[in-house]
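Quick notes on the structure that follows.
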Amino acid sequence: MLSKKIESALNGQVAIEASSSQAYLAMASWAENQGLQGTAAFLYRHSDEERLHMLKLIKFINERGGCAVVPALKQPSTKYKGITDVFQALLDHETIVTNEINGVVDTCLKEKDYTTHNFMQWYVGEQIEEEALARTLIDKLNLIGNDKGGLYLFDRDLEGMQGAEGGNAKGGKKQ
Ligand code: FEO
């Protein structure tokens with residue numbers, strides 16, 4: 001059975017994963033309107049992954065005798081100065097998510113809830129990969145600069161690139 005503190009911390013994380021999904025959906029839509037089809041496909045997949053992160057939490061809360069709360073969401077940003085701005089916003093968002101996950105893990109230790117602590121380790125590992133992937137993509141964009149040919153290739157590469165769950169920071173498949 002979950003304590004009220006843990007239930008509340010996990011529901012906070014449900015809201016964060018939901019807001020991540022919503023934010024990346026807005027980024028995907030922006031990219032699609034810019035003609036960046038590969039980037040849009042990558043971000044649509046990323047948005048779907050975040051929804052799965054939320055679902056995983058909802059199911060865990062309910063299975064452990066808590067009550068999962070489906071949150072209301074704020075409208076995410078719809079305007080970006082450019083593609084680097086999108087991925088910088090994504091990295092900034094993931095850095096906040098990592099801090100929040102660390103907070104949940106800390107609460108688990110304080111409450112001596114080792115089952116939830118164990119469950120949260122998946123999210124801890126996921127954050128390392130997501131941040132690494134975002135940093136790699138920003139590095140590539142900085143290298144490309146204003147080179148339109150480079151941007152074309154970047155966008156084409158992202159078409160088939162898996163997110164953090166399906167690949168590593170170099171964009172390859174997990175073994
Ligand atoms: Fe589910 Fe990107 O954190």
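Whatever order the structure lists ligands and atoms in, that order sets their numbers, starting from 1.
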Requested in this report: Work out the angle at atom 2 (Fe) of ligand 1 between OE2 of Glu94 and OE2 of Glu50, rounded to 10°.
Outcome: 100°

**Report entry** Cationic tip of Lys56 above Trp122 ring, under 6.0 Å, 45° of axis
**Finding:** yes

Query raised in the report: Under 6.0 Å from the CG atom of Asn99, do we count more than 12 heavy atoms belonging to anything else shown?
Result: yes

Query raised in the report: Is the distance between atom 2 (Fe) of ligand 1 and the nearest N/O/S atom of Glu130 smaller than 2.8 Å?
Result: yes

Query raised in the report: Out of Gln127, Glu126, His93, which residue meets the side-chain hydrogen bond (donor to acceptor under 3.5 Å, both in side chains) rule with Thr98?
Result: Gln127

Query raised in the report: Above 12 or not: heavy atoms from other molecules or residues under 6.0 Å from CZ of Arg45?
Result: yes

Report task. Please note down the angle at atom 1 (Fe) of ligand 1 between ND1 of His53 and OE1 of Glu17, to the nearest 10°. Result -> 100°

